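The structure appears right after this line, and notes come after that.
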Amino acid sequence: MDGLDTSDETLMLAYAAGEVGAFDQLYARHRGKLYRYLLRQLRDNGLADEVFQDTWQRVISAREGWKPDPGFATWLYTIAHHRLHDHWRAAKHRPPAPADADERAARVADPDTPERVVSEFERRRQLQLALDDLPEDQREVLLLRLEQELTLEEIGEVTGVGRETVKSRLRYAMDKLRARLPT
């Protein structure tokens, strides 16, 4: 099966029918984006790893009953969304950023000048702080749209809200980011 031209849905159906290679292709396509989404939500590598593995385990466990509607990506992010909410319900709070986050970022090697490094770091820090200040529902739809490139309808299916609610949350999130970030 040629993975480049094969849809996610076709690959998932093949995997459900027993073709293990189809899962490998799905995993390769979605692992990076899914992990970044979880890491941005949880802000903790260990927790992101745990929820990431659990999400894929649930995909594996549910493969035989999978239906192509909604699409695979929507289904995958719905599973991840539910796992995140399970975690937050259990933890009863959103975990803070790691205490050594600034130190970690400062250790990243960069060939640019020190001034540029500081300027870029400050822009990223301001963006992260602005994202952190968004209400959870607005941050989630923004990350699903910008980082995962899901449609409004897919985001609605993942989060369990209507298309217009997704549009509204995106608009409010973008307005808050524009107001907070310098141009």
Side-chain angles (χ1 to χ4, degrees), residues 3-4 6-12 14-16 20-63 66 70-91 93-110 120-121 123-125 127-152 154-160 166 169-170 173 177:
L4 296 177
T6 307
S7 73
D8 290 343
E9 291 72 24
T10 302
L11 288 170
M12 187 60 190
Y15 176 55
V20 177
F23 176 80
D24 294 339
Q25 292 178 38
L26 283 169
Y27 182 77
R29 283 183 187 177
H30 295 280
R31 70 178 175 213
K33 285 184 177 183
L34 177 63
Y35 186 78
R36 284 189 299 276
Y37 165 70
L38 293 171
L39 187 59
R40 298 277 281 205
Q41 290 290 336
L42 294 165
R43 289 174 259 146
D44 179 293
N45 289 3
L47 286 173
D49 289 345
E50 182 180 325
V51 175
F52 178 81
Q53 292 299 325
D54 189 49
T55 299
W56 284 110
Q57 184 58 45
R58 288 176 188 251
V59 167
I60 292 166
S61 298
R63 71 183 173 271
W66 183 78
F72 177 78
T74 302
W75 182 63
L76 176 66
Y77 285 97
T78 300
I79 293 170
H81 169 82
H82 290 299
R83 291 302 301 125
L84 286 169
H85 283 280
D86 290 346
H87 166 73
W88 290 325
R89 258 193 308 274
H93 75 282
R94 288 188 57 92
D100 64 344
D102 291 337
E103 293 172 26
R104 288 182 192 180
R107 289 191 302 252
V108 174
D110 193 343
E120 183 61 31
F121 173 77
R123 280 195 297 269
R124 284 192 314 267
R125 189 180 72 76
L127 176 59
Q128 186 60 54
L129 289 172
L131 285 170
D132 290 347
D133 283 346
L134 289 175
E136 180 183 326
D137 56 349
Q138 291 176 15
R139 181 177 44 255
E140 182 173 32
V141 297
L142 182 71
L143 293 175
L144 287 170
R145 180 70 184 121
L146 297 179
E147 291 185 347
Q148 310 314 317
E149 300 176 359
L150 296 182
T151 66
L152 298 177
E154 290 170 331
I155 295 169
E157 289 182 41
V158 167
T159 58
V166 171
R169 288 177 181 176
L170 278 172
L177 288 178

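Just so it is clear, the model here is predicted, and its values are computed rather than measured. Atoms considered below: every heavy atom in the structure, side chains included; atoms not considered: hydrogens, waters and symmetry mates.
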TODO: For T74, enumerate each residue passing the side-chain contact (heavy atoms from CB on, under 4.5 Å) test, keeping only those at least two apart in sequence or located in another chain.
DONE: P70, T78, E154, E157, V158
Task: Pairing residues for A80 by the side-chain contact (heavy atoms from CB on, under 4.5 Å) criterion, not counting sequence neighbours - done: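 Only L34, Y37, L38, T55 meet the side-chain contact (heavy atoms from CB on, under 4.5 Å) criterion with A80.
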Residues forming a salt bridge (charged side-chain N to carboxylate O under 4.0 Å, His left out) with [X], sequence neighbours excluded:
X: D49; value: none
X: E50; value: none
X: R36; value: none

Interatomic spacing from [atom1] in [X] to [atom2] in [Y] - rounded to 0.5 Å:
X: K33; Y: E149; atom1: NZ; atom2: CD; result: 4.0 Å
X: L76; Y: R58; atom1: CG; atom2: CZ; result: 12.5 Å
X: Q41; Y: H87; atom1: CD; atom2: NE2; result: 10.5 Å
X: Y15; Y: Y27; atom1: OH; atom2: OH; result: 12.5 Å
X: Q148; Y: R40; atom1: CD; atom2: CZ; result: 10.0 Å
X: T159; Y: E136; atom1: OG1; atom2: CD; result: 11.0 Å

Task: Stepwise side-chain contact (heavy atoms from CB on, under 4.5 Å) check, D8 with H30 - done: CA-CA 10 Å; D8 290 343; H30 295 280; 2.8 Å; yes
I'd like to know if the side chain of [X] reaches the main chain of [Y], judged simply by a donor and an acceptor atom lying under 3.5 Å from each other, with no hydrogens or angles considered.
X: R139; Y: L134; result: yes
X: D100; Y: E103; result: no
X: Q138; Y: R169; result: no

Minimum-distance pair of heavy atoms, taken over all atoms of [X] and [Y]:
X: L144; Y: Y77; result: CD2-CD2, 3.8 Å
X: L177; Y: A130; result: CD2-CB, 3.5 Å
X: R63; Y: A16; result: O-CB, 3.1 Å
X: I155; Y: V141; result: CG2-CG1, 3.6 Å
X: Q25; Y: L11; result: OE1-CD2, 3.4 Å

Please identify each residue that fulfils side chain to side chain donor-acceptor pair (under 3.5 Å) with [X], with sequence neighbours left out.
X: N45; result: none
X: R145; result: none
X: R31; result: none
X: D133; result: R180

Open item on the list: So, using ring pair (Phe, Tyr, Trp, His ring centres under 6.0 Å) as the criterion, who are the partners of H82 when residues are at least two apart?
Closed with: none
Open item on the list: Can you list everything that forms a ring pair (Phe, Tyr, Trp, His ring centres under 6.0 Å) with Y35? Sequence neighbours excluded, please.
Closed with: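 With sequence neighbours excluded, Y35 shows a ring pair (Phe, Tyr, Trp, His ring centres under 6.0 Å) to F52, given in chain and number order.
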TODO: Evaluate the criterion side-chain contact (heavy atoms from CB on, under 4.5 Å) for residue pair R123 and L127; output intermediate values, then yes/no.
DONE: CA-CA 6 Å; R123 280 195 297 269; L127 176 59; over 6 Å; no
Task: I79 side chain near W56 side chain, heavy-atom distance below 4.5 Å - done: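 Heavy-atom side-chain distance check fails, nothing below 4.5 Å.
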Open item on the list: With heavy-atom distances below 4.5 Å as the criterion, would you say the side chains of V51 and D86 are in contact?
Closed with: no
